[in-house]
Amino acid sequence: MATWNSRGLRGSTLEEFINRTNEKYLENGLALIQKIPTPITPIQIDKESRHITLAYFDQKSTVDYIGAVQGIPVCFDAKECRTDTFPLQNVHEHQVKFMKEFERQGGIAFLIVFFSHRDEFYYLRFEELQKFWDRSTDGGRKSIRHEELDPRFFFEMHGGLMVPYLEPMQKDLEMRE
């Protein structure tokens with residue numbers, strides 16, 4: 001049984017940026033993406049503030065977001081990294097399996113990795129994630145170095161969009177053709 005504490009709020013700023021981007025995409029008729037809540041069961045609640053102070057996860061979550069972009073099924077997870085090395089322990093085996101099955105069904109799966117110390121985002125294609133994942137499970141490096149990543153998939157905030165991930169997603173689609 002996994003327990004929840006405030007450490008889990010580390011990525012809340014990133015998620016808020018993505019949520020705002022998704023609202024813009026919806027307003028412009030580009031995409032319908034929803035945040036998937038992680039079901040929890042509260043154990044302790046602070047009586048004064050009425051905040052949950054201790055809880056456990058009811059089940060393993062799959063990904064943070066799911067939806068459709070111009071008729072294409074999409075799922076992705078958001079991860080934040082404070083150094084130039086992204087630990088693969090931040091991605092769980094059940095998430096990799098879900099994303100693999102999602103892609104088998106014709107969808108697009110990816111991670112958005114925010115390198116906060118660089119203020120830059122990376123669109124990690126599932127195919128690329130799978131290579132790093134396989135390397136780690138085969139006894140190799142258990143993290144991804146910034147310099148190992150494909151420079152074409154780094155992106156920044158612009159045009160009123162906090163996390164404009166549709167542009168690298170378009171590159172991903174073009175590579176699949």
Side-chain angles (χ1 to χ4, degrees), residues 4 6-40 42 49-52 55 57-82 86 90-92 94-130 144 146 149-177:
W4 173 88
S6 62
R7 259 179 12 104
L9 297 177
R10 288 180 298 203
S12 63
T13 302
L14 174 58
E15 287 184 359
E16 184 58 33
F17 287 172
I18 293 171
N19 293 342
R20 289 185 184 180
T21 300
N22 289 338
E23 288 169 11
K24 290 275 192 193
Y25 285 158
L26 180 61
E27 287 170 15
N28 293 319
L30 297 172
L32 172 62
I33 305 292
Q34 290 191 321
K35 170 81 173 94
I36 304 299
T38 304
I40 63 168
S49 68
R50 298 185 53 112
H51 287 101
I52 298 169
F57 295 111
D58 289 338
Q59 60 191 24
K60 293 178 180 178
S61 64
T62 51
V63 292
D64 292 332
Y65 295 92
I66 198 160
V69 176
Q70 306 285 298
I72 300 166
V74 171
C75 78
F76 64 93
D77 208 69
K79 304 291 185 185
E80 188 168 341
C81 185
R82 294 188 178 109
F86 176 69
N90 292 346
V91 182
H92 303 285
H94 66 273
Q95 291 178 308
V96 174
K97 286 180 179 178
F98 178 84
M99 294 170 87
K100 185 175 192 168
E101 291 304 319
F102 195 88
E103 289 230 335
R104 274 197 192 141
Q105 293 296 321
I108 302 228
F110 57 93
L111 295 182
I112 293 175
V113 181
F114 179 51
F115 290 93
S116 56
H117 66 292
R118 289 176 174 262
D119 201 28
E120 80 188 359
F121 297 95
Y122 187 75
Y123 176 100
L124 182 60
R125 298 173 296 121
F126 178 73
E127 178 183 348
E128 190 177 16
L129 171 63
Q130 185 71 63
I144 304 169
H146 186 272
L149 298 170
D150 186 335
R152 297 174 294 176
F153 289 94
F154 284 99
F155 63 101
E156 297 174 353
M157 295 180 198
H158 69 81
L161 296 172
M162 307 292 271
V163 188
Y165 60 85
L166 290 185
E167 293 169 20
M169 188 180 133
Q170 180 63 39
K171 290 177 192 170
D172 185 1
L173 285 167
E174 290 166 3
M175 290 176 69
R176 294 167 187 245
E177 294 174 352

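Nothing here was measured: the structure is a model prediction, and the numbers come from that model.
Nearest approach of Cys75 to Val63, heavy atoms of both residues: CB-CG2, 3.8 Å. Residues Ile112 and Leu14 come closest through the heavy atom pair O-CD2, 4.5 Å. Of all the heavy atoms in Gly106 and Pro73, the pair that sits closest is O-CD, 4.2 Å.
A salt bridge does not link Lys100 to Glu103: none of the charged nitrogens lies less than 4.0 Å from a carboxylate oxygen. Using a 4.0 Å cut-off between charged side-chain N and carboxylate O, Glu101 and Lys97 make no salt bridge.
With hydrogens and angles disregarded, no donor-acceptor distance shorter than 3.5 Å links the side chain of Gln170 to the backbone of Glu167. In terms of modelled atom types and a separation under 3.5 Å, the side chain of Tyr122 and the main chain of Asp150 share a donor-acceptor contact. In terms of modelled atom types and a separation under 3.5 Å, the side chain of Thr62 and the main chain of Phe98 share no donor-acceptor contact. One N or O on the side chain of Asp64 and one on the backbone of Ala78 form a donor-acceptor pair closer than 3.5 Å.
Atom CG of Leu30 and atom CG of Asn22 lie 11.0 Å apart (nearest 0.5 Å). Atom CZ of Phe110 is separated from atom CD of Glu128 by 13.0 Å, given to the nearest 0.5 angstrom. If you take CG on Asp119 and CD on Glu156, they are separated by 7.5 Å, rounding to the nearest 0.5 Å. Remark: Asn90 CG to Cys81 SG distance equals 7.5 Å, nearest 0.5 Å. Taking CG of Leu166 as the reference point, atom NZ of Lys24 lies at 14.0 Å (rounded to 0.5 Å). For the atom pair Asp172 CG and Arg152 CZ, the distance stands at 10.0 Å (nearest 0.5 Å).
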Val69 vs Ile33, side-chain contact (heavy atoms from CB on, under 4.5 Å): CA-CA, chis, key distance, verdict: CA-CA 8 Å; Val69 176; Ile33 305 292; 4.0 Å; yes
Stepwise side-chain contact (heavy atoms from CB on, under 4.5 Å) check, Leu161 with Arg20: CA-CA 8 Å; Leu161 296 172; Arg20 289 185 184 180; over 6 Å; no
Worked check of side-chain contact (heavy atoms from CB on, under 4.5 Å) between Phe126 and Val96: CA-CA 8 Å; Phe126 178 73; Val96 174; 4.1 Å; yes
Evaluation steps, ring-ring contact (aromatic ring centres under 6.0 Å, His included), between Phe17 and Phe114: CA-CA 11 Å; Phe17 287 172; Phe114 179 51; 7.0 Å; no
Verdict with supporting geometry, Val74 and Ile66, side-chain contact (heavy atoms from CB on, under 4.5 Å): CA-CA 6 Å; Val74 171; Ile66 198 160; over 6 Å; no
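Under the 4.5 Å side-chain criterion, counting only non-hydrogen atoms from C-beta, Leu173 is in contact with Ile72. Counting heavy atoms from C-beta outward, Ile108 and Arg176 have side chains that approach closer than 4.5 Å. Contact check for Met99 versus Leu111: side-chain heavy atoms found under the 4.5 Å cut-off. By the 4.5 Å heavy-atom criterion applied to side chains, Arg118 and His146 are counted as neighbours.
Counting heavy-atom neighbours within 6.0 Å of Glu174 CD, excluding the residue itself, gives a total above 12. Applying the 6.0 Å contact sphere to CD of Glu127 captures no more than 12 heavy atoms from other residues, nucleotides or ligands. By the 6.0 Å contact criterion, CD on Glu120 is enclosed, its count of non-hydrogen atoms from other residues, nucleotides or ligands being greater than 12. Around the NZ atom of Lys171, the shell of radius 6.0 Å holds more than 12 heavy atoms that belong to other residues, nucleotides or ligands. Around atom NZ of Lys35, more than 12 heavy atoms belonging to other residues, nucleotides or ligands sit under 6.0 Å away.
In this pair, Phe153 and Tyr123 present their aromatic rings parallel. The plane angle is below 30°, not in the 30 to 60° band. Classification of the Phe155-Phe121 ring pair by plane angle, with boundaries at 30° and 60°, yields parallel.
Looking at Tyr65 and Asp77, their side chains never bring a donor and an acceptor atom within 3.5 Å of each other.
At least one cation-pi condition fails for Arg82 and Phe115: the charged atom is not both under 6.0 angstrom from the six-membered ring centre and inside a 45 degree cone around its axis.
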